[in-house]
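A short write-up of the structure that comes next.
Treat the numbers as computed from the prediction; the structure is a model and nothing was measured. Computation of the quantities below employed the complete heavy-atom set of this structure, encompassing side-chain atoms and omitting hydrogens, waters and symmetry-equivalent molecules. Note on naming: letters A, B, ... go to the chains in the order of the sequence lines (proteins, then strands), and numbering restarts at 1 for each one.
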Amino acid sequence: MRKFPSPLAGLTPLLSHLVLLIGAAFILLPFFWMVLTSIRSPSEIFSVSFWPIPREFYGWENYGEAFGMVPLLRFMLNGVIVCLGILVVQLLVAVPAAYALAKLPFAGRRLLFALVVGALCVPMQVLALPLFMGLAEFNLLNTYFAMMLPFFLSVFAIFLFRQTFKSYPDEIIQAARLDGFTELEICWRLVAPSALPAISAFAVFSLVAHWNDLYWPMIVVSDTKLAPPPLGMLFFTNAEAGSNYGALMAGATVLTAPLVVAFLFARRQFIQGITMTGVK
Amino acid sequence: MSAISLPTDISRRRDRRRGYAESLKGWTFVSPAALLLMLIYLVPLAMLLALSVTDYQLGAVVTGFVGLDNFERAFADPVFQRAFSNTLLYVAIVIPFGVGLALVIAILIHQRRRTRSLYEIIYFLPVTATLVAMATVWQFILHPRLGPVNKLLQTLGLPETHFLSDPALIVPTLAAIGVWQVVGFNVILFLAGLTAIPRELYDAARVDGASAPLDRFLTVTWPQLGPTTMFVTVTTSITAFKVFETVAVLTKGQRGTEVLLYAIYLEGFQYFEMGYAAALTLVFMTFVLLLSVWQTFHLDRRVHY
Amino acid sequence: MTLGLELRGLDKSFEPENPVLRGIDLSIRRGEFVSLVGSSGCGKSTLLRIIAGLEQADGGRVAIDGREVTYLEPKARRIAMVFQSYALYPHMTVAANIATPLIMSRLHFLARLPLLGALAPGRRQVRSTIDRAVEEVADQLEIRPLLGRKPAQLSGGQRQRVALARAMVRQPSLFLMDEPLSNLDAKLRVHMRGELTDLHRRVGATFVYVTHDQVEAMTMSDRIALMERGAILQFGTPSELYSAPANLRVAQFIGTPSINCFPAEIDSAGTVSCLGRPVSGMVTSETRQRASLAVRPESIRLSARSEDVVFGATLRRIEHHGSEYILFAEPQGRDQLVRIRVSGAALEGQPLAEGQALTIAFSAADAHLFGSDDRRMDVSLFDAPVRLQSA
């Protein structure tokens, strides 16, 4: 909106920039300090200087130590395995279910949908105890499977996809049936591709949520070799904290980097994926 | 009458058979989801209810029915009481700041044209960053001797502050980190809400005489953001209620910093007091459910659609 | 006499190389109903927003009732505006919507604050006068039963009335309307046209009405300003615009079905020829250029008189419009459809079939001549028959 000539007119944007920049400093402080510390020498770390350029570049030593102390790459590989495993099963389960709930009449459809909505209100943490006991019973603790199992069903994905699929025109589905498509083909080759924006937004949401999840891995995994990034970070903090902050911050940088870099490259998709879900 | 008309009872039977076929098709599509729903939600919830009235401990041979003892024990337990009040305090700080600051920042960002996406990126960064790693960084930043915050306080002539060990400061410090993490998420939601407000409404307000920024805010922005504000408040409170990572990293529940989820974690997965932990879980669940229902109901009156 | 609205040399551009308004001058008498008409993107809405003060012109002056308001905020201009989407506050009742402009102007800032405002001294009296004013306006527009409702519970026509009431309540001297009828269905639109005209007569204020619909402008306005590409092509009464368009594009914009255009040429003697043959009887003072000869559909006849311009043509299509017919005829050797409006009575006993040969004719007196710059040209007429092509 255009402003009218007024002595304050030039001041307003300046003031709002000032507020925004103060907020931004608060937001960026940990990132800045993390990266800065990770390339500083111990002596400089202990002297707590705000000067943004290290007097002596100590990155090789810190990062080398971090990789030597804990298997950072292994943590990330674990994260990739768990996140992708969860996502693939989530989609394989949720897409057909959402299609049936949106487009196929069957007895019990309303009940099932009511259960899905009800389950949406139940946080994962509530189910942790019995799920843990079940997994312990079958000797499945300390496995990738144990880390993934509770998330194989995403009621949120079913809910989201059902809403999206509902707007797919019935005429096209009927025409496809006349053309001899099987129901499975209609679901996966016609309806699902049309909902690609919703599916990719959900994928981003799911990957971010499970890459960053600590609670469940902390419960079912005690083996360092299986730890995903957050749990690995926790092991790192607990075991090696001591006074080697350079290495610790190097480790934190390495484990945070993948998602932050991915976010910077696919900003729109990230923001859309994480906010459209609204649930964390 | 045409040649294809059938006696009604036959056609009805065919209809029914086709209904079964349709139902079958639907069920094959939902069966994996339905199975998992049983396995992951319904059976565990039933187990949880059953556990909460027993004194079951993992690996125990004998288990007895204890009625509501677990719940009584919970409310008499000073640790749980502390976890409860800490969580409430945490939520009570995170909601007003997490929502209020986000609203202010969103309005300011919304007015920017060229720098808008830059600010969006900055404020959204904490949402994508791994919280456990960032909590470790916060711990270092707030370190009494090695952290920049205390260094800054020192140069200002203020005393050394132990953010993470002074009992009066721990929960507010955790809450500040919680606000740091959630604010960008809320900013994006508010920005979406602001973008959806029709420009003509602001024009009408100006013609009607609401030209001061606060008048415009009260006549158009705030009422129009009603649904967004409600949504943001509910999600923020639920997120705040589930605070866990920062506690796990920064204090491990020591020095009186238990929160609900961490207390449950300790009872269930460290001490293996399954029956008691189940009771605590139920308390936690009712609270999360009650909270969102209550908020939805009360904030609903402020929303006018 | 003071003018209700005076615009002098208004310029506006959002991008430097693409001006939206170019030197707009307009003088509107007090109490006049003036329409700004033009196709979308002609700048009419921007002009209205500048008059309202919602947009600031790059250059030029705006005066309302003889008072310069160029740099004043909208609220200080004593205007009211009705928006295309009505822009009612969705969270307020109809009564609160209508009261808003009065509350904003009559209650002090602190008295308007929620909760705190109730403590302000004298607030109650002001509120009760405001409530009376709201009820009065509601009665005038017959929306009193709706006062307690929210905009979402109203039909399109009712919202329209509420928007009008909100505009009327503070008795502005200038009403601005931005396509207020475009969101209504066709029947209601015709009805509201009549109501707006009545309202204008009753209120006696100056109205500036933006529309892209020339029928709306023709039926309601005292005068019309026809705009194109940021400039006013012609400003005049509906009948002036119809019978003496100052510009070819005005002629083409006004009237349904639209006017027929034929390419014409003017030789060095000022003689006009159309389709390669001289139109005898038509001479202009300007010479040597390409021109256009435009003829309204109702001025084209199916029978030739001696002095007429005459074509042979083939009838391509007939449209029935109840009391009249629109014929579409293709002149021989030309790829163009000529629109002809004939009354049903004129065609009685003269059955027409598509594909049949016709003789169509118009008199030079009914033709408008436009120069290569699209401006109207003065012509002198002599009585002399001409035949372009014998039928």
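- Contact tally against chain A (heavy-atom pairs below 4.5 Å) for T281(B), N150(B), I40(B), T28(B): the top residue is I40(B).
- Annotation: cation-pi pair R162(A)/F113(A) present, NZ/CZ under 6.0 Å from the ring centroid and within 45° of its normal.
- Between chain B and the residues A24(A), P30(A), A262(A), P230(A), the largest count of heavy-atom pairs under 4.5 Å involves P30(A).
- In this structure, chain A has heavy atoms under 4.5 Å from both the backbone and the side chain of Y123(B).
- The parts of W180(B) that come within reach of chain A are both its backbone and its side chain, each placing non-hydrogen atoms under 4.5 angstrom from that chain.
- Of the two parts of M218(A), the backbone and the side chain both hold a non-hydrogen atom closer than 4.5 Å to a non-hydrogen atom of chain B.
- Aromatic ring centroids of F159(A) and F156(A) lie 6.0 Å or more apart.
- If you measure heavy-atom distances from M285(B) to chain A, the contacts under 4.5 Å come from both the backbone and the side chain.
- For the residue pair Y265(B) / Q270(B), a side-chain donor-acceptor distance below 3.5 Å is found, with atom types taken as modelled.
- For A176(B), the part lying near chain A is the backbone, with the side chain staying farther off; criterion is any non-hydrogen pair under 4.5 Å.
- More than 12 heavy atoms of other shown residues, nucleotides or ligands fall within 6.0 angstrom of atom CZ in F32(A).
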ask   = Checking ring pair (Phe, Tyr, Trp, His ring centres under 6.0 Å) for the pair F124(B)/F270(A): CA distance, chi angles, key distance, verdict?
value = CA-CA 10 Å; F124(B) 202 72; F270(A) 259 71; 7.9 Å; no
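- Sparse packing is recorded around CD of E137(A), with 12 or fewer heavy atoms of other residues, nucleotides or ligands lying under 6.0 Å away.
- With a threshold of 4.5 angstrom between heavy atoms, F244(B) approaches chain A through side-chain atoms but not through N, CA, C or O.
- If you check the side chains of T130(B) and N212(A), you find a donor sitting under 3.5 Å from an acceptor.
- For a residue to count as touching a neighbouring chain, one of its non-hydrogen atoms must lie under 4.5 Å from one of that chain's; by this rule F26(A) touches chain B with backbone and side chain alike.
- Using cut-offs of 30° and 60° for the angle between ring planes, the F241(B) and F287(B) rings count as parallel.
- In this structure, the portions of M34(A) lying under 4.5 Å from any heavy atom of chain B include both its backbone and its side chain.
- For the options L37(B), L39(B), I105(B), heavy-atom pairs under 4.5 Å to chain A are most numerous at L37(B).
- One side chain, Y99(A) or E183(A), offers a donor N or O that lies under 3.5 Å from an acceptor on the other.
- When heavy atoms are compared at a cutoff of 4.5 Å, L264(A) approaches chain B solely by way of its side chain, counted from C-beta outward.
- No donor-acceptor pair under 3.5 Å is formed between the side chain of W188(A) and the backbone N or O of P96(A).
- If you measure heavy-atom distances from L104(A) to chain B, the contacts under 4.5 Å come from the side chain alone.
- In this structure, N70(B) contributes its side chain and A279(B) its backbone to no donor-acceptor pair below 3.5 Å.
- Here K25(B) is the residue among Q139(B), H143(B), K25(B) with the most heavy-atom pairs under 4.5 Å with chain A.
- Donor-acceptor pairing under 3.5 Å is recorded for the side chains of Y202(B) and T221(B).
- Between chain A and the options S117(B), G268(B), A34(B), A46(B), the largest number of non-hydrogen pairs under 4.5 Å is found for S117(B).
- Between the side chain of S38(A) and the main chain of M249(A), no donor-acceptor pair closer than 3.5 Å is present.
- In the model, S16(A) has a side-chain atom that pairs as donor or acceptor with a side-chain atom of R112(B) under 3.5 Å.
- Proximity to chain A (any heavy atom under 4.5 Å) is shown, for I121(B), by both the backbone and the side chain.
- Using a 4.5 Å cut-off between heavy atoms, L29(A) touches chain B through backbone and side chain atoms alike.
- Counting heavy-atom pairs closer than 4.5 Å to chain B, the top residue among I219(A), V93(A), V208(A), V19(A) is I219(A).
- Of the two parts of Y119(B), only the side chain, counted from C-beta on, holds a non-hydrogen atom closer than 4.5 Å to a non-hydrogen atom of chain A.
- Among residues at least two apart or in separate chains, there is no salt bridge (charged side-chain N to carboxylate O under 4.0 Å, His left out) pair with a member in residues 108-120 of chain A.
- Between chain B and the options V95(A), L231(A), L101(A), L131(A), the largest number of non-hydrogen pairs under 4.5 Å is found for L131(A).
- T37(A) touches chain B through its side chain: at least one heavy atom from C-beta onward sits under 4.5 Å away, while N, CA, C and O do not.
- The candidate with the highest count of non-hydrogen atom pairs below 4.5 Å against chain B, out of L255(A), L127(A), L259(A), D213(A), is L127(A).
- Both the backbone and the side chain of Y215(A) come within contact range of chain B, with heavy atoms under 4.5 Å apart.
- Residue with the most contacts toward chain A among L280(B), T136(B), N186(B): T136(B) (heavy-atom pairs, distance under 4.5 Å).
- Top candidate by heavy-atom pairs under 4.5 Å with chain A, chosen from V149(B), I109(B), L282(B), L131(B), is I109(B).
- V43(B) does not touch chain A: none of its heavy atoms, backbone or side chain, sits under 4.5 Å away.
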